[in-house]
> 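Quick one: structure below, then a few questions.
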Amino acid sequence: MVKLQRSDKNPILSPSNLPWENMLVFNPGAIMIKDKVYLIYRARAKDSIYSRLGLAVSTDGINFERFNEPMYYGKNHVDESLGIEDPRVVMIDDTVYLTYTAVSEDLDAEVNPNWKEKIAKKPRIALSTTKDFKEFVDYDIIIPGLSGKNSSLFPKIINGEHWLLYRAGAGKTYFAKSSNLTSWRNASPVFEERPGMWDSVRTGIGAPPIETSKGWLLFYHGVDEKNTYRLGIMLLDLHNPLKILYRSPEPIFEPETDYEKFGYINNVVFTCGAVEKDGKYFVYYGAADEVIGVATVEKELVLGLF
Ligand code: BMA
């Protein structure tokens with residue numbers, strides 16, 4: 001069985017004393033630029049339900065330098081009135097494309113008293129681009145009318161079009177194409193939960209698709225009846241990503257350590273980003289929605305599965 005190996009330096013990022021990230025840091029997107037790993041992570045202040053995005057940079061993929069201010073606050077915008085969450089980043093040419101969940105209050109939904117946050121949230125899929133992590137071009141909500149999350153572009157333009165994966169509601173993950181990043185065509189379902197298995201209740205992408213000789217590699221998450229979040233692998237056909245060539249029968253990573261089992265939300269490992277470095281995949285993940293860890297696996301071991 002292929003399994004991810006957690007770093008013994010974990011958690012590699014925890015909440016700091018900075019007021020905007022003094023409660024939770026988790027679910028980072030990740031990208032390699034000129035031998036450095038950039039993490040764009042979700043951060044929350046104490047007693048606030050708004051998430052903002054922070055930036056951290058590393059040369060070894062383990063020790064990260066952070067900044068005093070959030071990288072991106074999102075906009076003072078009705079669709080982001082409750083913050084921005086779960087960033088996924090890809091780089092095409094010199095531009096970083098950041099898809100994230102824009103969150104506003106869902107006034108039509110009922111508040112479940114068992115929810116940790118006593119507010120109904122409406123998630124939507126939003127996009128911004130940047131070349132320097134300072135100035136952003138905002139595309140806002142890219143699929144109007146859709147309540148959804150867990151989205152990422154593919155890391156290249158294919159036949160003049162961007163490719164996108166996203167989850168609609170709490171259900172299926174879809175694939176769609178666009179030449180302008182705002183109108184998406186041929187939306188088609190790719191995957192969903194598998195009753196009776198480790199990903200029986202909910203699924204969604206984790207890291208953006210990684211191009212390999214065998215297909216598009218996806219680290220994805222699955223949730224079971226006990227609300228345990230685990231990670232698995234999927235391989236999508238390079239030319240037709242609706243075709244699933246492989247899907248993990250067993251998880252490749254699951255909550256085992258205290259910082260994964262106990263936190264803001266217990267029993268969660270949740271990735272939004274992975275990079276290829278030194279012949280390995282470095283998978284960055286939020287642990288118990290509170291801290292950030294990294295776990296690695298040899299690339300050849302993964303590709304040997306297919
Ligand atoms: C999902 C997302 C993630 C979160 C996870 C576990 O629905 O909202 O941001 O890490 O739940 O709580």
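For the numbers below, each heavy atom of this structure counts, side chains included, while hydrogens, waters and symmetry mates do not. Order of listing sets the numbers, starting from 1, for every ligand and every atom in it.
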> To which protein heavy atom is atom 3 (C) of ligand 1 closest, and what is the distance rounded to 0.1 Å?
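Going atom by atom, the protein heavy atom closest to atom 3 (C) of ligand 1 ends up being Asp86 OD2, 3.2 Å.
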> If I apply the N/O under 3.5 Å rule, does Glu85 come out as touching ligand 1?
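No, since none of the N or O atoms of Glu85 sits under 3.5 Å from an N or O of ligand 1.
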> Determine whether the side chain, the backbone, both or neither of Asn27 has a heavy atom under 4.0 Å from any heavy atom of ligand 1.
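For Asn27, the contact with ligand 1 is made by the side chain alone.
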> Which protein non-hydrogen atom lies closest to atom 12 (O) of ligand 1, naming both residue and atom, and how far is it?
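Minimum-distance protein heavy atom for atom 12 (O) of ligand 1 reads Asp289 OD2, 2.6 Å.
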> Quick check on contacts: which atoms of ligand 1 are under 4.0 angstrom from a heavy atom of Tyr229?
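Atoms satisfying the 4.0 Å criterion: 1 (C), 5 (C), 6 (C), 7 (O), 11 (O).
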> State whether a side-chain donor-acceptor pair under 3.5 Å links Tyr166 with Asn150.
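The answer is no; no qualifying pair exists.
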> Would you say Tyr229 and Asn266 are linked by a side-chain donor-acceptor pair, where the criterion is simply a distance under 3.5 Å?
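No pair is found: no donor N or O on one side chain lies under 3.5 Å from an acceptor on the other.
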> Can you name the residues that form a side-chain hydrogen bond (donor to acceptor under 3.5 Å, both in side chains) with Asp86, not counting sequence neighbours?
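Counting only residues at least two positions away or on another chain, Asp86 forms a side-chain hydrogen bond (donor to acceptor under 3.5 Å, both in side chains) with Asn27, Arg42.
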> Answer yes or no for Arg42: is there a heavy-atom contact with ligand 1 below 4.0 Å?
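Yes; Arg42 lies near enough to ligand 1 that a heavy-atom distance drops under 4.0 Å.
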> Quick one: look at Lys149 and ligand 1, take heavy-atom pairs under 4.0 Å, and tell me if it's side chain, backbone, both or neither.
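Near ligand 1, Lys149 shows its side chain, while the N, CA, C and O stay back.
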> Could you label the plane-to-plane angle of the Trp163 and Phe154 rings as parallel, tilted or perpendicular, counting under 30° as parallel and over 60° as perpendicular?
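Taking Phe154 first and then Trp163, their aromatic rings stand perpendicular (interplane angle over 60°).
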> When you check the side-chain N and O atoms of Asp60 and Ser58, is any donor under 3.5 Å from an acceptor?
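Ser58 and Asp60 do have a side-chain donor-acceptor pair below 3.5 Å.
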> Under 3.5 Å, is there a donor-acceptor pair linking the side chains of Asp138 and Tyr72?
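Yes, side-chain donor-acceptor contact under 3.5 Å.
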